Visitor: 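My questions all concern the structure below.
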Protein chains: 2
Amino acid sequence: MGGGPGGTRTREGRTLTGSTPQRPKRGRPSRLSREHIVTAAYEIILKEGAENLTMRRLASALGSTAMAVYHHVRDKDELLTLTLEHAARALPRPELPEEPRERLATVCGLMHQAFVSNPWVVPIVARGELVDMPAVWMTEEIVGALVGCGLSRERAVEAHRTIWYYTAGQILATVPRPGGPGLPPAAAPAEAEGRHHYLRGVRHILDGVLPAPGSH
Amino acid sequence: MGGGPGGTRTREGRTLTGSTPQRPKRGRPSRLSREHIVTAAYEIILKEGAENLTMRRLASALGSTAMAVYHHVRDKDELLTLTLEHAARALPRPELPEEPRERLATVCGLMHQAFVSNPWVVPIVARGELVDMPAVWMTEEIVGALVGCGLSRERAVEAHRTIWYYTAGQILATVPRPGGPGLPPAAAPAEAEGRHHYLRGVRHILDGVLPAPGSH
DNA sequence: ACCTGAACACCGTTCAAGT
DNA sequence: ACCTGAACACCGTTCAAGT
């Protein structure tokens with residue numbers, strides 16, 4: 001990447017900013033932006049694992065240098081946080097069943113799935129205090145559904161925390177060793193089994209936390 | 001527990017006669033041993049945090065060189081595992097109440113306390129598959145007490161896993177940022193509160209997992 | 001304002017010797 | 001057998017410039 005001086009008219013300059021046409025990988029952006037950086041970081045993490053995301057690796061993927069990145073991002077920690085938010089934004093938010101208890105199980109399943117799809121976030125989430133990481137709406141849905149099941153706001157928050165801790169621990173213990181460029185296909189059954197176990201555990205916690213079905 | 005070549009401990013000793021006089025830091029051992037190394041590593045972790053344990057730092061604490069350590073330990077990973085086992089061995093094992101449900105709460109409290117006292121083990125435990133880390137007897141006690149509460153062996157193992165995941169997640173989210181040489185004294189109330197919340201969560205899980213108290 | 005190359009202060013670990 | 005110093009292949013990050 002000598003970056004010859006003959007760049008001529010590569011700077012397409014004026015208004016890229018409106019609604020970006022989104023051409024994230026083709027071509028090679030002559031100017032960095034936070035969005036480009038985060039997108040590239042996200043791709044590296046998905047393809048090569050979070051432990052292979054280095055400032056130099058990222059820079060080379062961007063056709064730039066490590067130090068150029070630092071002009072847009074304070075440090076690697078901020079980069080990771082940004083990338084995590086990027087991933088959270090990409091999470092699906094499907095329709096949820098009305099019945100509170102079904103709704104709970106569904107949201108928990110989604111939360112679990114979100115972590116299974118992005119196992120690299122677990123250590124990052126874990127080390128911050130950002131307990132409500134997966135996506136704020138999940139936290140709100142869970143607390144809301146718990147209230148819908150008859151819990152006070154206070155106990156609902158407490159119960160949510162119990163579920164969240166359980167979820168974090170389950171993912172942490174279950175997630176496959178990082179490193180491989182892609183998940184080995186043999187992991188699919190293990191993943192399904194992990195999901196099954198997780199949901200059983202959630203159901204147990206709900207049994208303990210919610211008032212008995214009849215005692216309304 | 002493979003152990004190195006000639007795994008016999010106490011090669012230095014004709015008879016150390018049980019209770020080693022224990023002079024772990026005074027003087028400077030001219031010859032390294034696995035035990036010295038692990039003890040020194042443990043002290044560094046306790047005093048300066050696990051993230052400050054480097055091979056060079058450890059070597060200098062031993063009055064030796066980094067490479068000398070490698071003659072007794074395969075790599076840093078093995079060193080950490082050894083140190084973790086060392087810490088597990090130092091855990092207290094007090095009398096436990098007979099009544100299974102009380103026994104459960106007590107063991108869970110001990111497990112939690114073990115992690116609070118040694119927060120550095122959490123990431124290490126998490127990344128291995130050594131789910132039964134804190135100490136094997138804790139796992140056995142918990143499963144045993146669950147069986148004592150009326151669960152089948154199979155469901156007891158499952159319930160143990162639920163509790164374990166919850167515990168790991170709670171510690172992970174609760175433990176203070178590492179780095180400081182010692183806990184700030186202001187952390188004591190937070191620690192008590194964390195313990196309280198943890199135990200409430202455990203009780204909820206037990207409520208969900210165990211047969212109703214009357215339904216024997 | 002944005003980007004660059006070189007350099008700093010670290011890592012874990014390998015190598016070729018020393019005794 | 002045990003230990004050593006030097007070196008390798010990395011990190012994240014700072015600095016002093018370049019345009």
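Quick note on labels: first sequence line is chain A, next is B, and so on, each numbered from 1. Fair warning: this is a prediction, and the values are worked out from it, not measured in the lab.
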Visitor: For B:L58 and C:dG12, give me the distance from atom CG to atom C1', rounded to whole Å.
Guide: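 It works out to 13 Å between those atoms.
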Visitor: Could you state the CG-C1' distance from A:D77 to D:dC11, rounded to the nearest angstrom?
Guide: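 So the two atoms are 15 Å apart, to the nearest Å.
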Visitor: Evaluate whether atom CZ of A:R93 has more than 12 neighbouring non-hydrogen atoms of other residues, nucleotides or ligands under 6.0 angstrom away.
Guide: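 Enclosed: over 12 neighbouring heavy atoms sit under 6.0 Å from CZ of A:R93.
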Visitor: Tell me the interatomic distance from A:Y70, atom OH, to D:dC15, atom C1', rounded to whole angstroms.
Guide: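 Atom OH in A:Y70 sits about 14 Å away from atom C1' in D:dC15.
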Visitor: Measure up the B:Y165 and A:Y166 rings against each other and bin them: parallel (under 30°), tilted (30 to 60°), perpendicular (over 60°).
Guide: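 Rings of B:Y165 and A:Y166: tilted, 30 to 60°.
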Visitor: Round to the nearest Å and state the distance from A:R56 atom CZ to C:dT4 atom P.
Guide: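 For the pair A:R56 CZ and C:dT4 P, the rounded distance is 14 Å.
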Visitor: Tell me which nucleotide, if any, is Watson-Crick or G-U wobble paired with C:dA7 when both distances must be under 3.5 Å.
Guide: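 Across any shown strand, C:dA7 pairs with D:dT13.
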Visitor: Does a nitrogen or oxygen in the side chain of B:T54 sit under 4.0 Å from OP1 or OP2 of C:dC10?
Guide: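 No, B:T54 has no side-chain N/O under 4.0 Å of OP1/OP2 on C:dC10.
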Visitor: Measuring from atom CZ of A:R103 to atom CD of A:E141, what distance do you get when rounded to the nearest 0.5 angstrom?
Guide: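 The distance works out to 4.5 Å.
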Visitor: Looking at the side chain of B:A68, which of C:dA7, D:dT4, C:dT13 is the nearest nucleotide?
Guide: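 The nucleotide sitting nearest to the side chain is D:dT4.
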Visitor: Considering only C:dT13, C:dT4, D:dG12, which nucleotide approaches the side chain of A:M55 most closely?
Guide: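 Given the options C:dT13, C:dT4, D:dG12, the side chain of A:M55 is closest to D:dG12.
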Visitor: I need the CG-P distance between B:D75 and C:dG12, as an integer number of Å.
Guide: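 Taking atom P of C:dG12 as the reference, CG of B:D75 is at 11 Å.
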Visitor: I need the CD-P distance between A:E78 and D:dT13, as an integer number of Å.
Guide: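 Nearest whole value for this atom pair: 11 Å.
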Visitor: OP1 or OP2 of D:dC3 versus the side-chain N and O atoms of B:T65: is any pair under 4.0 Å?
Guide: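 For D:dC3, OP1/OP2 do not have a side-chain N/O of B:T65 under 4.0 Å.
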Visitor: Taking only the side-chain nitrogens and oxygens of B:H72, find out if one of them lies under 4.0 Å from OP1 or OP2 of D:dC3.
Guide: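 Yes, because at least one side-chain N or O of B:H72 sits under 4.0 Å from OP1 or OP2 of D:dC3.
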Visitor: Return the nucleotide paired to D:dC2: Watson-Crick means purine N1 to pyrimidine N3 with N6-O4 or O6-N4, wobble means G-U with N1-O2 and O6-N3, both under 3.5 Å.
Guide: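 Check on D:dC2: paired to C:dG18, both distances under 3.5 Å.
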Visitor: Taking atom types as modelled, find out whether B:Q113 and B:S117 have a side-chain donor-acceptor pair closer than 3.5 angstrom.
Guide: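 Yes, side-chain donor-acceptor contact under 3.5 Å.
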Visitor: Looking only at the side chain of A:M67 (C-beta and beyond, no hydrogens), which of the listed nucleotides C:dA6, C:dA7, C:dG12 gets closest?
Guide: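 Given the options C:dA6, C:dA7, C:dG12, the side chain of A:M67 is closest to C:dA6.
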Visitor: Got a sec: does the CZ of B:R74 have more than 12 other heavy atoms crowding it under 6.0 Å?
Guide: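 Incorrect, the count does not exceed 12.
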Visitor: NZ of A:K76 versus C1' of D:dT13: gap in Å, rounded?
Guide: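 After rounding, the reported distance stands at 12 Å.
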Visitor: Could you work out which one of C:dT4, D:dT4, D:dT13 sits closest to the side chain of B:S64?
Guide: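 Nearest to the side chain of B:S64 among the choices is D:dT4.
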Visitor: Just the rounded figure in Å: distance from P of D:dT19 to NE2 of A:H71.
Guide: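 Spelled out: NE2 on A:H71 to P on D:dT19 is 17 Å.
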